[in-house]
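The next block holds one structure in the form of structure tokens; read it before the comments.
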There are 2 protein chains.
Amino acid sequence: MTAGKRYASSTDVARLAGVSQSAVSRTFTPGGSVSAETRRKVMAAADALGFRPSIIPQIMLTNRSGLVAVIVGGLRNAFYGAVLERFATRLRDAGHQVLLVPVESDYTLDTVLEELRSYRVDAIVSGLAVLSQEVADALSAFRIPIVSCNTSVTSDWVASVDSDNRGAGRAAADWLHRCGGTRFAFLAGPEESPASRDRLDGFRAGLAALGLEPPRVINGDYTYDSGQAAVSRLFADGPADAMFCANDLVALGAMDRIRNGLGLRIPEDVMVIGYDDIPSAAWESYRLSTFDQDPEGLVVQALDLVREMSEQGPARGRVRVVEARFIPRGSTRQPMA
Amino acid sequence: MTAGKRYASSTDVARLAGVSQSAVSRTFTPGGSVSAETRRKVMAAADALGFRPSIIPQIMLTNRSGLVAVIVGGLRNAFYGAVLERFATRLRDAGHQVLLVPVESDYTLDTVLEELRSYRVDAIVSGLAVLSQEVADALSAFRIPIVSCNTSVTSDWVASVDSDNRGAGRAAADWLHRCGGTRFAFLAGPEESPASRDRLDGFRAGLAALGLEPPRVINGDYTYDSGQAAVSRLFADGPADAMFCANDLVALGAMDRIRNGLGLRIPEDVMVIGYDDIPSAAWESYRLSTFDQDPEGLVVQALDLVREMSEQGPARGRVRVVEARFIPRGSTRQPMA
DNA sequence: TTGAAAGCGTTACCAG
DNA sequence: CTGGTAACGCTTTCAA
């Protein structure tokens, strides 16, 4: 138990100012009743001592730490950076502190959760791409409000915010068909990723509704490299001219391989659609058609769920869906009239 | 003062288990002396109540919160994402919690600091691109170990970790010259950014040492868009064939504008060098020659400084420099023998 | 307006 | 090994 340096306490300030400790506390409490004279003496002493009230005892008294944990799994993807930044900003505006928790595996998650519990975090927001129902149920046992982004699992204390993955999948199918696509493919994320699965489900449903063949599917891991590899594997098995990708990074890797590796043109020979609308998607070298996941809406809904759960306690099936907006750019052709 | 839900306390567990509160505390203390029987009873009661020891009272006793604040200003740049992730992981491995603090302006910083003080954070790591000496001195007054990345300012309680910006600038000048560059330009970050200034200083020094003309300089703000705009302004004023950019994002924007806007070839007509080695720099569409800022080294040095400051207290001029490694790729020609 | 005192949940110390 | 008690720094209540 290494000890840190002792901070000036309200008692120290009181002694120096020649007033009671209560007076100091009141001085620093908005609306506290203190005479101008007392306040002056207290402030002078506080300045001299560099005093700032600690929030720690308050936490003990109120059982509210003001801490909200945000769990992320890999910040390589710029989309998570954007979402994380929004979470952090909004949480702070709402008077919370943000505990950043990077997690690599479910194993790490267990360890980490115990720590979060001992810090008495008020809520947990999870941006984990992969979260199983089992883990969600285990989490629920802690009776702490948890919001899971883009995983669809819920439990008593676990709510979920989803992008409209299925709807986007259908829209992608529609669009690619209207633009003249005939041989469809889906470059997936990890098999366990609910978001990737839902996007694929929607894509399949959309193609089926149009009476078209189901897409060929290549699995990957949401990275640029996996997009490149997926294209190689895909074309080794036969050509495709309309692909929907589980996210933008995969799509960008795919585009580069299609153009530089296969020597095909985009969108003339192959059309590509991504997901997320990360900044690079708009860059001139790519002009990737993609879905704006509305990170702002995602964050707003997530925080609203946190609030709702804190106030109302446990309940099953809390799910919010955020619309995804299609942004047509140069990686798809114009739809035919 | 909204109250949260009450957690089970060690007293609750003690009552249920029919032992003293001390016994419960010992059971949860590694190496605490408790009989097997007592431990069994305690664990049973703890499980039933969902008890987990709070760390909050410990913080009061030890004056160590275990919290380290990481201040970031804009996660749009993938480089910061990579660095942040490393900080978070390593800090957690070292037994700390990471408080993520997004800051937009010096004004926000003031507010934020008061909050961090009341949370009794053990240390602050700042990744702010812009940090003035004045702010550093003000920070120092809090007597909390602060490490500032890539800003070179220091103070009693403020240490700094820098990439070897000057050295890299010189290396860039050398390389571009050896590859046949004759008209040099520097696409800068914000004027107040010490990192950008140092890179420029080095670049200038390198060119001067070779007896070459000083580079033309266009200011920007570290974004892709500013890279595009900078190229337009630069060429409106006359051509350039060798540019060094304050960071990769700027360089990528510049490349796109050079190729698509001006119709020039890279590296045949114009050579470009960036800084950071973000993932997109390696993408096939760019193959950007750049400097690897060694984020791992940056983080390691920063955390070592945190440790040193915690142990030894204030001292002036604590600076660590991390080597930047040049990575030649396709955006520069081959050096002439 | 003021000061005294209780209480929050834990660990460390001490006597048994 | 066990249980009682002090201490941490704050806010809140209560009397003065």
Side-chain angles (χ1 to χ4, degrees), chain A residues 1-43 45-46 49-66 114-115 117-121, chain B residues 1-43 45-46 49-66 114-115 117-121:
Chain A
M1 201 69 40
T2 34
K5 72 167 182 300
R6 200 179 155 284
Y7 287 81
S9 72
S10 55
T11 312
D12 298 329
V13 175
R15 194 177 314 125
L16 182 60
V19 299
S20 73
Q21 182 269 328
S22 318
V24 177
S25 175
R26 278 192 296 261
T27 304
F28 281 90
T29 304
S33 62
V34 260
S35 66
E37 172 62 4
T38 303
R39 157 162 274 122
R40 194 191 54 72
K41 284 191 291 190
V42 168
M43 292 311 274
L49 264 30
F51 168 77
R52 174 116 245 271
S54 167
I55 206 173
I56 308 298
Q58 265 191 63
I59 298 178
M60 284 183 42
L61 269 346
T62 60
N63 291 306
R64 290 196 71 258
S65 64
E114 291 301 293
E115 288 175 21
R117 285 225 289 158
S118 66
Y119 270 89
R120 301 299 192 237
V121 297
Chain B
M1 203 67 39
T2 34
K5 70 165 183 301
R6 200 179 157 285
Y7 287 80
S9 71
S10 55
T11 313
D12 299 329
V13 175
R15 194 177 316 127
L16 182 59
V19 300
S20 73
Q21 182 270 329
S22 314
V24 177
S25 176
R26 277 192 296 263
T27 304
F28 282 89
T29 303
S33 60
V34 260
S35 65
E37 172 62 3
T38 304
R39 158 162 273 122
R40 195 190 54 70
K41 286 192 291 187
V42 169
M43 291 312 273
L49 263 30
F51 169 77
R52 173 115 247 270
S54 168
I55 205 172
I56 308 299
Q58 263 191 64
I59 299 178
M60 285 184 41
L61 268 348
T62 60
N63 290 307
R64 290 195 73 256
S65 63
E114 291 302 295
E115 289 175 21
R117 285 226 288 158
S118 66
Y119 271 89
R120 299 299 191 240
V121 297

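Letters go in sequence order (proteins before strands), and every chain restarts at 1.
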What integer distance in Å separates [X]:[atom1] from [N]:[atom2]?
{"X": "Met60(B)", "N": "dA12(C)", "atom1": "CE", "atom2": "C1'", "answer": "14 Å"}
{"X": "Phe51(A)", "N": "dG9(D)", "atom1": "CZ", "atom2": "C1'", "answer": "9 Å"}
{"X": "Ile59(A)", "N": "dT10(C)", "atom1": "CD1", "atom2": "P", "answer": "14 Å"}
{"X": "Asp12(A)", "N": "dG9(D)", "atom1": "CG", "atom2": "C1'", "answer": "10 Å"}
{"X": "Arg120(B)", "N": "dC8(D)", "atom1": "CZ", "atom2": "C1'", "answer": "12 Å"}
{"X": "Leu61(A)", "N": "dT11(D)", "atom1": "CG", "atom2": "C1'", "answer": "6 Å"}
{"X": "Arg52(A)", "N": "dG9(D)", "atom1": "CZ", "atom2": "C1'", "answer": "15 Å"}
{"X": "Lys5(A)", "N": "dG9(D)", "atom1": "NZ", "atom2": "P", "answer": "13 Å"}

Heavy-atom closest contact (Met60(B) atom, Ile56(A) atom, distance):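 Where Met60(B) meets Ile56(A) most closely, the heavy atoms are CG-CG2, 3.6 Å.
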
Side chain Ser65(B), main chain Arg120(B), donor-acceptor under 3.5 Å: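 Side chain of Ser65(B) to backbone of Arg120(B), a donor-acceptor pair under 3.5 Å: yes, one is there.
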
Donor-acceptor contact below 3.5 Å, side chain Arg39(B) vs main chain Thr27(B):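 Yes: the side chain of Arg39(B) pairs with the backbone of Thr27(B).
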
From CA spacing to verdict: side chain to side chain contact (heavy atoms under 4.5 Å, CB included), Arg117(A), Tyr119(A): CA-CA 5 Å; Arg117(A) 285 225 289 158; Tyr119(A) 270 89; over 6 Å; no

Steps toward side chain to side chain contact (heavy atoms under 4.5 Å, CB included) verdict (Phe51(A), Met43(A)): CA-CA 9 Å; Phe51(A) 168 77; Met43(A) 292 311 274; over 6 Å; no

Hey, is the side chain of [X] poking within less than 4.0 Å of OP1 or OP2 on [N], counting only N and O atoms?
{"X": "Gln58(A)", "N": "dC10(D)", "value": "no"}
{"X": "Ser10(A)", "N": "dC10(D)", "value": "yes"}
{"X": "Ser25(A)", "N": "dT11(D)", "value": "yes"}

Chi angles and distances behind the side chain to side chain contact (heavy atoms under 4.5 Å, CB included) call for Val42(B), Val19(B): CA-CA 8 Å; Val42(B) 169; Val19(B) 300; 3.9 Å; yes

Detail all sub-3.5 Å separations between protein N/O atoms and N/O atoms belonging to nucleotides 1-3 of chain D.
unit_1: dC1(D); atom_1: OP2; unit_2: Ser33(B); atom_2: OG; d: 3.2
unit_1: dT2(D); atom_1: OP1; unit_2: Ser35(B); atom_2: OG; d: 2.8
unit_1: dT2(D); atom_1: OP1; unit_2: Thr38(B); atom_2: OG1; d: 2.4
unit_1: dT2(D); atom_1: OP2; unit_2: Ser35(B); atom_2: N; d: 2.9
unit_1: dT2(D); atom_1: OP2; unit_2: Thr38(B); atom_2: OG1; d: 3.3
unit_1: dG3(D); atom_1: OP2; unit_2: Ser20(B); atom_2: N; d: 3.3
unit_1: dG3(D); atom_1: OP2; unit_2: Ser20(B); atom_2: OG; d: 3.2
unit_1: dG3(D); atom_1: N7; unit_2: Arg26(B); atom_2: NH1; d: 3.3
unit_1: dG3(D); atom_1: N7; unit_2: Arg26(B); atom_2: NH2; d: 3.1
unit_1: dG3(D); atom_1: O6; unit_2: Arg26(B); atom_2: NH1; d: 3.1

With sequence neighbours excluded, residues passing side chain to side chain donor-acceptor pair (under 3.5 Å) with Gln21(B):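 Here the qualifying residues are Ser10(B).
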
Distance (rounded to the nearest 0.5 Å) between Leu61(B) CG and Gln58(B) CD: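 Between atom CG of Leu61(B) and atom CD of Gln58(B) there are 8.0 Å.
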
From CD1 (Ile55(A)) to CD1 (Ile59(B)), nearest 0.5 Å: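 One gets 11.0 Å once the value is rounded to the nearest 0.5 Å.
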
Sugar-phosphate only, base, or nothing, as touched by Ser9(A) at under 4.0 Å among non-hydrogen atoms: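 Result for Ser9(A) = sugar-phosphate.
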
Bend angle of the helix from dT1(C)-dA16(D) to dG16(C)-dC1(D), from helix axes over five pairs at each end, nearest 10°: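 Computed from the C1' atoms at both ends, the axes differ by 40°.
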
